[in-house]
Every structure is written in C-alpha cells, then in structure tokens.
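Input: a single structure, listed below in structure tokens.
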Amino acid sequence: MEKKQLHKLLEQMTVEEKIGQLVQLTPNFFEETDGEGEITGPLMEWGMSKQELYNIGSVLGTHTISQTHQIQAAYLKNNRLGIPLLFMADVIHGYETIFPIPIALASSWSPELIEEMASLSAVESAEAGVHVTFSPMADLVRDPRWGRVMESSGEDTYLNSLLTAAYVRGYQGNPNKLNENFNKIAACVKHFIGYGASEAGRDYNTVDFSDLALYQDHLPSFEAALNAGAKLVMTSFNTIKGIPASGSQWLLKEVLRNDLNFQGLLISDWAAIAEMITHGVAVDKKEAALKALSASVDMDMMTDCYQSSLKELLKEGKITETTVDQAVLHVLQLKNDLGLFEDPYRGMKGKQQKAVTFSDSIQSTARELAAQSMVLLKNEHLLPLNSKKTVALIGPKAASQDILGAWSWIGKQSQAVTLKDALKKEYPDLLTAETDSLTKITSDEWETIKRVAAKADIVILALGESSEESGEAASKATIRLPEAQEQLVKSIKAINPNIVTVLFNGRPLVLEEIAENSSSLLEAWFPGTQGGPAIVDILVGRVNPSAKLPMSFPRNTGQIPIYYNHMSTGRPVTQQNKQEKYISKYIDVANEPLYPFGYGLTYTSFIIEDIKVSSTQLTEDTKIIITVNVTNIGRMIGKEIIQLYLHDVSAEVVRPVKELKKFRTVLLEPNQMQEVKFEITVEDLVYIHPDLKKSADKGFFEIFIGTESRAPKITEIEYV
Ligand code: BGC
C-alpha cells in the first residue's frame, strides 16, 4: 500500500478505532468471544466490549498456527475497515528448534552465526504466523545475579553492539523488503533503556547511572540495532533519571525519536504503562496513559490504560488527535511494511510448515551453533576424550532434557537430545549414574555413583541449574551451584580424579570449588535442542572449542558487579603494591574474576609474535596498522579470536582500564601461520565527553593484543 493510502485509511477511522490500534493483548481475550454469548473472562474483567476487542492493533504470544489463523480470521470478519492484526512473540533463541541461549550465542563472538540463528528463527516463526519478535535484548549486563543476563550479549559495549545488529539483520533481512520476504519477521529491540543495570541484580529494581554511562555504555547497542533497521523498540521497566522509561519524554522523544531518529513503532513492556502508578508518578491509569502517549509510546502492552483513557484525554484537550494519529500511523506503517494489508496470513504455511520447521538442516545448524557457543574453561589434558578409555556419565544433568533454557516456550523439552543419548552413540558401553534432583543425592544414587566412578577411566560430570533459575524474574543472591553438586565433585574426586565437568546454566556462576576439583571444565550453557550432540562433538574433539566468555565469572558473589572494562581508580592494585593497605582491593578475595571476559581455551595452542606497528603517531587523517603473526603450534586445527584492547592514559574523563576495540578470528591448521592486521584510526579513540559529544583526546594510548581481556600491552601510540 502507498503511504498516501495509509493516510486515507487513517482518515476513515473513528477515534475508537484509532485508540484500538494502540492496544496489544494476549490471545486469551479472544477465547470467550465466539458466538453471541455473554462477555466473560478477561474482556469482562477489563470492561471491554467485543467491538473494542475487534479494534485492537496487536496480539502477543499465540502458541500455534491454528490459533493465530483463527484469531486473524475472526478479527477480520469483525473489524469494520479490515485492518489486520499484528502478531508478536518472544522468539528469543529459536521458535520450535531451540538454539543456545543468547549469552551462549554471544560466546561465539560471531555476528555471522548469530545472524544465521536469527534468520532460521524467523523462518520457523514466520511460518507459524509470527510477524514481530521481541528480540534482540540489547541491554548491557554486568551483574550475573540478574537472571536476564541469559538473554544478553554480555558486559562489553562493542561486542554487544556488533551482535545486536546481527540479530536484527538475521530476523529482518532487508528491512525495506519485509513485504516481499515472508520468511522474515520484524525485530523489536529492547528494553529501552538501562534495564540491565538493575541495582543488586534484582529484577525490576531501581536503576541509576550517569549520562556518561548511558551514552557510552548502554546506548550504542540500541543505536547499532536501529542502524541495522530494527522496526520496533520496547521500553524498559526501570526508571531513568528518576522517571519510568515508558513515561520519559526526554528519553523517548529527545534521545530515541530525535537523536537516534527512530521513526518506527515504540511499544511499552508488559504492563509498564500502568506500573507508573505503582512507581508513584501517576495517580491513575489516565495519568499513566497521558505520560506514556506524550512520551511517544505508540502501543500499550497488556494494560487498558490507553483503551480506557485516551478518549477522555482527547475530550479534555490533554492530548491532541495529531498525537494519536502519529502513534496509529506507526502501527499501520508496520503492518504495511510487513505486507499484511495484501496478505494478513503472510508466511503461514499450514501443512507445508513441517517441511522446513524442525528440519534436519535446521537441527544440524543448531548443533553447530551450540558447539561454537561452549566455552572450555579448564583442561588438564583429559579432553578431547580418548576413544579407548572407559567413560562414566554422572550427575543431575546427564540425562536431563531441561537444557533449552528460559524463553523457549514453543520449544519442547521432549525434543531435546540429552548428553546421555548422544554420548552413548560414541561409547556404547557408557557407564551411567544419573541423579534425579539438582539439590540432593540420595544414598542409593551415591552407591551407584561410587561404583561407576571407580570402574571408569574418566568421569563426565553433568552439573547445572534448571531453566527456571535464569531468565525474567529469576534473580539470585547466590550464584553457586547447590551444595550437593559441589560436594558431589569433591566426593567423586576422592574415588577418581579424572573428572570432566560439563555445566548447564544461564549465567556466570561462582565456580571456584567446582573448578578446583575438576580436571576439565566445559561451560555448555543452555545449549538448546541439539545440546547433547554438540557437547559430544566437543568432548570427543570433532569440534575444537573456540568460544570466549562475553561476561566475567566472579570468584565470589561479593565482587559483583565485576567486569573487565571498569574505570581506572586513583589507587589501583598492581603486582607490586598488592600487599599495601590503602589501595583499591578486597582484603579477603582477589579483585580479579576467576575467568575473565574474552577467556576460553582450545585443544590447540597459538602464539602471537612478530608484532609490527606502522607508526606510533596518529593524526586526524592517518591510520596506524598493527600486524601480528598468529601460529597454531598445537596438533589440531583450531580457531582463535585475537583481541585488541585500548586504554587512554591521558584523557579528559577517566576511562576504562581496557576497552575491546577490535577482534579477528583465525582458523589455522597445525603449524600454520597467519598475519592478522588491525587498523587504528582516530575513530577508535573517540569517547563521550562531559558535553555528551563524541571526540578523541590528544595524547597517549596503550594497545594490548591477546586471546582474552588479560592481553598484554604491546605498544603505546600517540594521537598528535
Ligand atoms: C518482558 C519482555 C517480553 C514481554 C512480552 C515482559 O515481561 O520484560 O522482555 O518481551 O514480557 O512477553
């Protein structure tokens, strides 16, 4: 439809029809509406009429293709102007096929793989009638107590931005051709903004940070998503500068709409508009609606604030019809961009659906992605496994199908391939001692464990959490594994010290005990539908692990928030002064995490040498080329991620001790060498200054290159 026609359509709409378009509800509102029966259920509770229901703009969270089809058909029969509904859903890491959770995907450090995952998720969900996914989550996270770190790309702004943009590209393809490509869906980047900085890692808690932190740490990933063409933005639950995000005119109108030039659909998070009342900044739904609409929130997710108040607000002249029209246009525009006016059932393939959804080829990609996401944290020579050894698989996650992770609501655990099933294929004589509970080992179980551990050459110990222990509303004050699991490693070690521990979890954990008592440690995260085979690919060495942590693993919960790119202090701890008293340190634990950002082992070894720096002086119009030679000196083909960090030593504002600026991935055969080149320009030195503008300071910068964030300094350059 031409833009002109959209305006014509808008002119034909009554005020009630316009307001309806700004409302999003769950499918159960449609359940009691068949026939001429009485209004019951949610409709009645909200005091909504059937006609009002058939004016709403969008539905979130349908479960099946038939449900979606039915609702759209009933709606179109009853909507006077035939404006189709928009269906949105939380397609976070897959739809029917579940891929690894986002923090795992981020461990691949691969925008290409993430783009592929998003693209396959789009195919499966579009076929089921989904038009929009509430993904990617671009929130920067530095507190692993917050359960939603599992949905994130971690603690680094640069990596977060690259990966967030990759999700958007994967879901949407060409954002201007969504009406032609029904295998694509629109992306809604969330949560705008600062949700990841919830105090003490407690979900929905207060957020308070400086403008500098907002602009330099939290905003870039959203900017990257919008530059990649994200069609929607979702507001966050938290306050920003004391105002709930969904009611902040400064945040949404000035920063988002104006500075970032966002012209798409802005939707509130679930009930966030009404929560302004609980926050204590709106006296009732009407005031909450006034604040949200005035801040340019177009769509109200799951409250009746807009539905019940906008008409009255219009009558009272508190809002204008132009403001309402603008919001409605954003909704109609998105429907049009998706081609819904031409085909309200876009993408839905009915019976043909199964041909692609959950196909073998998607399963094999899911397996590959999972293997690329697993981080080898420790390896004292047990891995890859020797095929001639006797192997015992023990523990609560050994045969568990709870390996999909949170936000996999369409995905079925029954379709997940367990570690046990996959390992049995390699070791038909596999000894097993599964345990039932995550928190308790019974005495019978312990008897079997003792027996198989003593018999085996190597013990694979599958430990971890349940999917419900991370995700939304799953903050934890203690991020260790249950005592029973820590004790299990210790007890087995006394019988057989050759322990390979495989972890299934959704956040960085405190792992000192587990690491100390395991010879090898593999972080498998929640690896998804093909988790078992992917782990086995790594254990037996079919895949050489190459993933790197996108978030630090603390030694102790008391160190949180802990992240590599923290600010320089006036009294930093160093190797030389660490015994002194008046320096920035803990007296009971080291400052450093157990496993830092960027860390991850492989089965081979790489050396970085022959560092060449084209010049140590940089000007506005020149660039510095840094080259290093990377050689695989091990015995297996392997991938390594070469990381370049920078530190501004004479800045106007205190800067992080290190910032990731670039990275390159190399894949090398044994003894193969490759030259890796990095280009540094003034663009890389730029940061947000107190005037909130981007510029670079003249002076010195340290450069570090290595295979993790503890990379050594290799040179110093000067911007003249
Ligand atoms: C979450 C969002 C999610 C929405 C819809 C909210 O509770 O914060 O991330 O997209 O629900 O399910």
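All residue numbers in this chain count up from 1 along the given sequence. The figures here come from the full heavy-atom set of this structure, side chains too, leaving out hydrogens, waters and symmetry mates.
Every side chain to side chain contact (heavy atoms under 4.5 Å, CB included) that Ser408 has, sequence neighbours left out, goes to His93, Ile98, Leu404. Looking at residues two or more places apart in sequence or on another chain, you find a side-chain hydrogen bond (donor to acceptor under 3.5 Å, both in side chains) between Gln363 and Thr97, Gln530. Listed by chain and residue number, Glu640 satisfy the salt bridge (Lys or Arg N to Asp or Glu O under 4.0 Å) test with Lys548 (two or more places apart in sequence, or in another chain).
Here the side chain of Ser400 pairs no donor or acceptor atom with the backbone of Pro396 at under 3.5 angstrom. Between the side chain of Gln172 and the backbone N or O of Ala187, at least one donor-acceptor pair lies under 3.5 Å. In this structure a side-chain-to-backbone donor-acceptor pair under 3.5 Å is present from Ser709 to Phe597.
Leu431 contributes atom CG, which lies 8.5 Å from atom CD1 of Ile394 (distance to the nearest 0.5 angstrom). For the atom pair CZ (Phe134) and CG (Asp269), the distance works out to 8.5 Å, reported to the nearest 0.5 Å.
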task: Assess whether side chain to side chain contact (heavy atoms under 4.5 Å, CB included) is satisfied between Lys420 and Thr432, documenting all intermediate values.
output: CA-CA 8 Å; Lys420 181 180 161 189; Thr432 53; 4.1 Å; yes
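Classification of the Phe237-His191 ring pair by plane angle, with boundaries at 30° and 60°, yields parallel. Relative orientation of the His69 and Tyr345 rings is parallel, given thresholds of 30° and 60° on the angle between their planes.
At a cut-off of 3.5 Å, with distance as the only test, a side-chain donor of Thr604 or Asn632 sits close to an acceptor on the other residue. With no hydrogens or angles considered, a side-chain donor-acceptor pair links Asn505 and Glu523 at under 3.5 Å.
With Leu383 as reference, Leu539 is the one residue of Leu521, Leu539, Leu601 to meet the side-chain contact (heavy atoms from CB on, under 4.5 Å) rule.
Aromatic pair Trp525/Phe504: ring centres not closer than 6.0 Å.
Contact check for Tyr427 versus Ile460: no side-chain heavy atoms found under the 4.5 Å cut-off.
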